[in-house]
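Shown below is the structure under consideration.
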Amino acid sequence: MFANHYEDVSALGLGCQRLEAFAIISQMPPPAASRTLLLDRFERPLRDLRISVTDRCNFRCVYCMPKEVFGKDFQFLDRKALLTFEELERLARIFRGIGIEKIRLTGGEPLVRRNLEALIGKLAAIEGLDLTLTTNGSLLALKAARLREAGLRRVTVSLDSLDDTVFRAMNDVDFPVERVLAGIDAAAAAGLSPIKVNMVVKRGVNEDSIVPMARFFRERGHIVRFIEYMDVGHSNGWRMDEVVSAAEIVRRIDRELPLEPLQANYRGEVAQRWRYRDGSGEIGIIASVTQAFCRDCTRARLSAEGQIYTCLFATAGHDLRALLRGGAADEAIGESITAVWRQRSDRYSEIRGEHTVRLPKVEMSYIGG
Ligand code: SAM
Ligand code: SF4
Ligand code: SF4
């Protein structure tokens with residue numbers, strides 16, 4: 001029933017030329033799979049990979065890892081279950097060979113994984129790959145310079161409010177806002193650029209922080225991306241009336257700091273771009289609830305234990321670790337990923353409804369945000 005959902009797939013502009021370009025820019029000898037069109041069932045190419053390097057986190061954000069679920073008895077993955085840095089590098093090269101252009105390291109909190117710089121070094125050495133990282137910023141003051149030295153060029157820091165009381169309540173571990181701000185400053189001083197700041201907006205919790213966040217980071221030249229609160233996982237008790245829509249976020253900012261829309265940097269860009277009319281910078285809005293963008297979704301996600309998922313809201317993944325540890329050759333692993341992608345028909349945000357909210361989805365801290 002979904003197969004015909006996108007009648008005008010040609011409008012995606014993802015013709016053969018683009019896919020051939022994937023093979024050309026790859027620095028690996030392209031496996032057989034990359035010479036054919038790697039499109040899913042809605043003709044979306046595989047372009048981005050998000051790698052969760054750990055399912056653990058030192059925060060308990062109320063919308064992601066609520067304490068009542070992720071308490072002291074929660075069973076996180078065993079260390080031996082995690083893909084090693086060598087395994088991650090190997091997979092990253094295989095993905096690169098079949099067309100991936102960008103990797104985002106995430107989690108859980110990626111900076112709690114010991115010696116993450118070593119992984120950054122390995123991935124930064126892969127030709128033509130755009131590498132970035134999303135972090136809660138708590139360890140950034142300590143690690144920014146080392147991450148930069150290892151080859152990281154840019155970073156996204158999550159921060160939900162400048163109001164210390166609101167922020168401490170949202171991270172739910174009483175973490176002070178000034179330490180995240182110190183992390184952002186350290187990242188800027190280390191030369192990580194651009195710095196993007198992710199703010200999840202939850203009705204009744206932090207919507208009054210929208211304008212102060214916009215104003216503060218505009219002055220510092222960092223791009224804030226306002227994110228609609230999503231029904232990821234099944235533990236955050238999501239309700240539609242707690243979502244502050246993209247339209248309302250824009251309205252609130254525009255009233256104080258006039259905005260105008262900008263063109264996307266590239267087709268499939270997750271954030272809608274807006275700039276301040278006075279030329280003082282831009283913001284992004286990630287409207288995954290009220291304006292779903294599944295049509296252009298080119299992202300796959302790899303869990304810390306090597307399961308690949310083709311949607312943030314997936315209920316099941318595909319095991320790549322078994323292939324890695326079972327002695328499969330790179331070609332075979334590449335073919336397996338290709339087969340998974342070709343079967344893909346995910347468009348969860350477009351079909352979201354009462355019935356989907358209750359599905360047993362994988363948690364965001366596991367699958368990687
Ligand atoms: N721990 C890191 C961090 O917080 O940046 C990386 C992982 S976190 C899961 C990645 C992103 O997902 C963060 O920007 C976070 O705010 C966002 N996120 C988590 N739960 C969310 C939800 N329910 N709705 C929208 N965004 C969410
Ligand atoms: Fe941790 Fe990030 Fe989830 Fe917050 S959003 S609990 S920092 S993984
Ligand atoms: Fe992509 Fe799934 Fe999100 Fe749609 S719901 S944009 S398919 S991750």
Item to check | Spatial distance of atom CZ (R56) from atom OG1 (T54) [nearest 0.5 Å] | outcome: 6.0 Å
Checklist entry - Considering all heavy atoms of both residues, which atom of A187 and which atom of V155 are nearest to each other, and what is their separation? => result CB-CG1, 4.2 Å
Next on the checklist: Tell me whether the rings of F313 and Y348 are parallel (<30°), tilted (30 to 60°) or perpendicular (>60°).
Outcome noted: parallel
Checklist entry - Can you tell me if CD on Q263 sees more than 12 non-hydrogen neighbours from other groups inside 6.0 Å? => result no
Next on the checklist: Within the 4.5 Å heavy-atom criterion, are Y276 and I253 side-chain neighbours or not?
Outcome noted: yes
Item to check | Minimum side-chain heavy-atom gap N136-V180 below 4.5 Å | outcome: no
Checklist entry - Going by distance alone, is a donor N or O of one side chain under 3.5 Å from an acceptor N or O of the other, for S245 and E228? => result no
Item to check | Considering all heavy atoms, the nearest R41-S345 contact | outcome: NH1-OG, 4.0 Å
Checklist entry - Do R252 and E248 sit within salt-bridge range, that is, some charged N less than 4.0 Å from a carboxylate O? => result yes
Item to check | Value rounded to 0.5 Å, distance of CG in D160 from CD1 in I210 | outcome: 11.0 Å
Item to check | N58-S138 side chain donor-acceptor pair, cut-off 3.5 Å | outcome: yes
Checklist entry - Do W274 and Q272 have side-chain heavy atoms sitting under 4.5 Å apart? => result yes
Next on the checklist: Under 4.5 Å between side-chain heavy atoms, counting indirect links through other Ile/Leu/Val/Met/Phe/Trp/Tyr residues: same cluster for F175 and V112 or not?
Outcome noted: yes
Next on the checklist: Using 30° and 60° as the class boundaries, would you call the ring planes of H222 and F217 parallel, tilted or perpendicular?
Outcome noted: tilted
Item to check | Minimum-distance pair of heavy atoms, taken over all atoms of W341 and A300 | outcome: CZ3-CB, 4.0 Å
Checklist entry - For the hydrophobic clusters of this structure (ILVMFWY residues joined by side-chain heavy atoms under 4.5 Å, transitively), does one cluster hold both L140 and V173? => result yes
Checklist entry - Hey, is the main chain of L111 close enough, under 3.5 Å, to the side chain of K143 for a donor-acceptor pair? => result yes
Checklist entry - CG of D55 to CZ of R113: how many Å apart, nearest 0.5 Å? => result 10.5 Å
Next on the checklist: Please give me the minimum heavy-atom distance between R96 and E101, naming the atom from each residue.
Outcome noted: NH1-CA, 4.1 Å
Next on the checklist: Quick check on R203: does its CZ atom have over 12 non-hydrogen neighbours (other residues, nucleotides or ligands) under 6.0 Å away?
Outcome noted: yes
Next on the checklist: Given 3.5 Å as the limit, does a donor-acceptor pair link the side chain of R60 with the main chain of P66, or not?
Outcome noted: no
Checklist entry - Within the side chain of E269, is there an N or O that forms a donor-acceptor pair under 3.5 Å with the backbone of N265? => result yes
Next on the checklist: Using 0.5 Å steps for rounding, measure from the CD1 atom of I249 to the CG atom of L259.
Outcome noted: 11.5 Å
Item to check | Side chain to side chain, R104 and D48, heavy atoms closer than 4.5 Å | outcome: no
Checklist entry - So, are E89 and R93 salt-bridged, with charged N and O less than 4.0 Å apart? => result yes
Checklist entry - Are the charged groups of R179 and D164 less than 4.0 angstrom apart, N to O? => result no
Checklist entry - Just checking, any donor-acceptor pair under 3.5 angstrom between side chains of D278 and S280? => result yes
Item to check | D130 and R154 ion-paired at < 4.0 Å | outcome: yes
Item to check | Side chain proximity check, S158 to T134, heavy atoms < 4.5 angstrom | outcome: yes
Item to check | Pairwise distance OG1(T156) to CG(L133) - rounded to 0.5 angstrom | outcome: 8.0 Å
Item to check | Non-hydrogen side-chain atoms of F216 and L181 separated by less than 4.5 Å | outcome: yes
Next on the checklist: Between R344 and D40, does any side-chain N to carboxylate O distance fall below 4.0 Å?
Outcome noted: yes
Next on the checklist: A side-chain contact here means heavy atoms from C-beta on lying under 4.5 Å apart; do I94 and I337 qualify?
Outcome noted: yes
Item to check | T338 side chain to G334 backbone, donor-acceptor under 3.5 Å | outcome: yes
Checklist entry - Which of parallel (below 30°), tilted (30 to 60°) and perpendicular (above 60°) describes F59 and F167? => result perpendicular
Next on the checklist: Using a 3.5 Å distance criterion without hydrogens, assess whether the side chain of R273 forms a donor-acceptor pair with backbone atoms of E282.
Outcome noted: no
Checklist entry - Are Y63 and F70 grouped together when hydrophobic residues (ILVMFWY) are joined by side-chain heavy atoms under 4.5 angstrom apart? => result no
Item to check | Heavy-atom side-chain contact between V232 and W238 under 4.5 Å | outcome: no
Item to check | Ionic contact status for E350 with R295, cut-off 4.0 Å | outcome: no
Checklist entry - With no hydrogens and no angle check, do the side chains of T310 and D346 hold a donor and an acceptor under 3.5 Å apart? => result yes
Checklist outcome for this item: For N206 and V200 the tightest heavy-atom approach is ND2-O, 2.8 Å
